[in-house]
Protein chains: 2
Amino acid sequence: MKSSIEDKCIKSGVRLTDQRRIIAKVMSNSEDHPDVDELHKRVSKVDSKISIATVYRTVKLFEEAGIVFKHDFKGGKARYEQAPDEHHDHLIDINTGEITEFVNEDIEKLQKQVAEKLGYKLVDHRLELYGSKIKK
Amino acid sequence: MKSSIEDKCIKSGVRLTDQRRIIAKVMSNSEDHPDVDELHKRVSKVDSKISIATVYRTVKLFEEAGIVFKHDFKGGKARYEQAPDEHHDHLIDINTGEITEFVNEDIEKLQKQVAEKLGYKLVDHRLELYGSKIKK
DNA sequence: ATAATTGCAAATGCTTTGCTTGTGA
DNA sequence: TCACAAGCAAAGCATTTGCAATTAT
């Protein structure tokens with residue numbers, strides 16, 4: 001069964017290898033936002049000979065093709081997710097690292113307005129909320 | 001003449017040395033968001049014997065004391081600014097790296113609401129707009 | 001066939017740190 | 001005085017890269 005990342009590779013003309021297919025599948029199956037180490041652990045379960053350098057090269061390749069997104073949240077390593085259908089931002093639990101995705105159209109509009117008021121065309125943005133769970 | 005960072009060091013009980021005084025002054029006089037290399041260049045003009053390790057240690061010390069803020073904008077090195085009186089966010093020119101500060105209360109409120117709706121207390125956030133100048 | 005990809009280890013870039021000497025309060 | 005800071009070079013960490021061997025098309 002082809003993973004959706006594998007599909008996108010074919011559509012974008014990204015050459016597929018065994019390693020890339022495995023990494024694609026692992027990322028397609030990931031619901032979270034793993035870093036390269038974590039991805040390497042997961043792909044290693046499928047093929048233990050895949051080197052971490054290949055994982056680095058592959059996520060970079062996928063990222064440049066717009067197939068996966070890279071996030072540099074606070075705290076060191078880059079984390080990846082499959083490019084989503086619609087844009088979303090992230091709330092990071094400062095205690096557990098758990099990530100919740102959210103969309104807020106009002107904020108999106110305001111960001112655009114702010115940029116325009118300052119004489120800029122908004123090309124990209126980064127919005128991350130860091131919070132701690134409210135216990136009830 | 002004491003720089004405002006130097007003042008804050010005294011208030012916070014941060015021990016002052018010649019090097020720290022110089023770094024404090026350079027940061028107080030900086031209107032931009034320099035990285036450690038740039039800071040080291042600037043302090044070197046005052047005292048060429050200050051090592052970059054000291055600059056690293058000092059900005060970290062100031063940051064931990066809440067006297068300066070560290071930003072990890074896209075593109076590698078951490079950049080610093082004196083802790084501002086009121087919170088602001090940043091718009092980064094993707095062509096020049098130039099940074100414009102802005103405040104938008106509506107966005108601030110919405111962020112808090114989003115976090116709460118998701119069951120979180122908002123502790124921190126990161127909002128960065130990346131744009132290109134509109135030529136008129 | 002042959003241009004691209006892999007694995008490995010070495011190199012990188014930013015940042016931190018151990019150690020010895022120097023210094024602020 | 002004496003705990004703390006500075007300078008230097010070495011170490012750390014995430015990530016990238018050169019190279020020889022391997023592989024996809």
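Everything quoted here is computed from the prediction, not taken from an experiment. The sequence lines fix the lettering, A, B, ..., with proteins before strands; numbering per chain opens at 1.
Remark: A:Lys77 is not in phosphate contact with D:dC13, judged by side-chain N or O atoms under 4.0 Å from OP1 or OP2. For C:dT6, the OP1/OP2 oxygens have no side-chain nitrogen or oxygen of A:Lys49 closer than 4.0 Å. Listed pair B:Gln19 / D:dG7 meets the phosphate criterion, a side-chain N or O lying under 4.0 Å from OP1 or OP2. For D:dA6, neither phosphate oxygen OP1 nor OP2 lies less than 4.0 angstrom from any side-chain nitrogen or oxygen of B:Arg57. Taking 4.0 angstrom as the limit, A:Thr54 places a side-chain polar atom (N or O) nearer than this to OP1 or OP2 of C:dG7. Between A:Arg15 and D:dT25, a side-chain N or O to OP1/OP2 separation shorter than 4.0 Å is absent.
Comparing C:dG24, C:dT16, C:dC8 against the side chain of B:Tyr56 picks out C:dT16 as the nearest. Which of C:dG24, D:dA24, C:dT17 sits closest to the side chain of B:Thr17 comes down to C:dG24. The A:Lys60 side chain lies nearest to D:dT17 when the options are C:dT5, C:dC8, D:dT17.
Put simply, the side chain of A:Arg126 never gets that close to the backbone of B:Arg126: no donor and acceptor are under 3.5 Å apart.
Taking atom CG on A:Leu39 and atom C1' on D:dT15, their separation rounds to 14 Å, with Å as the unit. Summarising the geometry, the separation between CG on B:Asp47 and C1' on D:dA6 is reported as 11 Å, rounded to the nearest angstrom. We find that CD1 of B:Ile22 is positioned 9 Å from P of D:dG7, with the value rounded to whole Å. Counting to the nearest Å, the P atom of C:dG24 and the CD1 atom of B:Ile10 are 15 Å from each other. In this structure, A:Asp35 atom CG and D:dA14 atom P are separated by 9 Å, rounded to whole Å. When the C1' atom of D:dT23 is taken as reference, atom CZ of A:Arg20 falls 11 Å away, rounded to whole Å. C:dT15 atom C1' lies 16 Å from atom CG of B:Leu61, rounded to whole Å. The CD atom of B:Glu6 sits 13 Å away from the P atom of C:dG24 (whole-angstrom rounding).
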Determine, step by step, whether A:His87 and A:Glu108 satisfy the side-chain hydrogen bond (donor to acceptor under 3.5 Å, both in side chains) criterion, reporting the C-alpha distance in whole Å, the side-chain angles of both residues, the deciding distance to 0.1 Å, and the verdict. CA-CA 10 Å; A:His87 166 76; A:Glu108 300 292 326; 3.1 Å; yes

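Using a 4.0 Å heavy-atom distance criterion, B:Leu16 is classed as a sugar-phosphate-only contact. Backbone-only contact: B:Ile50 has heavy atoms under 4.0 Å from sugar-phosphate atoms and none from a base.
Side-chain contact, B:Gln19 with B:Thr58: no donor N or O sits under 3.5 Å from an acceptor N or O.
Hydrophobic clustering (side-chain heavy atoms under 4.5 Å, transitive across Ile, Leu, Val, Met, Phe, Trp, Tyr) groups A:Ile23 together with A:Val46.
Between B:Ala78 and B:Val14, the residue anchored nearer the 5' end of DNA chain C, judged by the nucleotide with its closest heavy atom, is B:Ala78.
More than 12 heavy atoms of other shown residues, nucleotides or ligands fall within 6.0 angstrom of atom NZ in A:Lys74.
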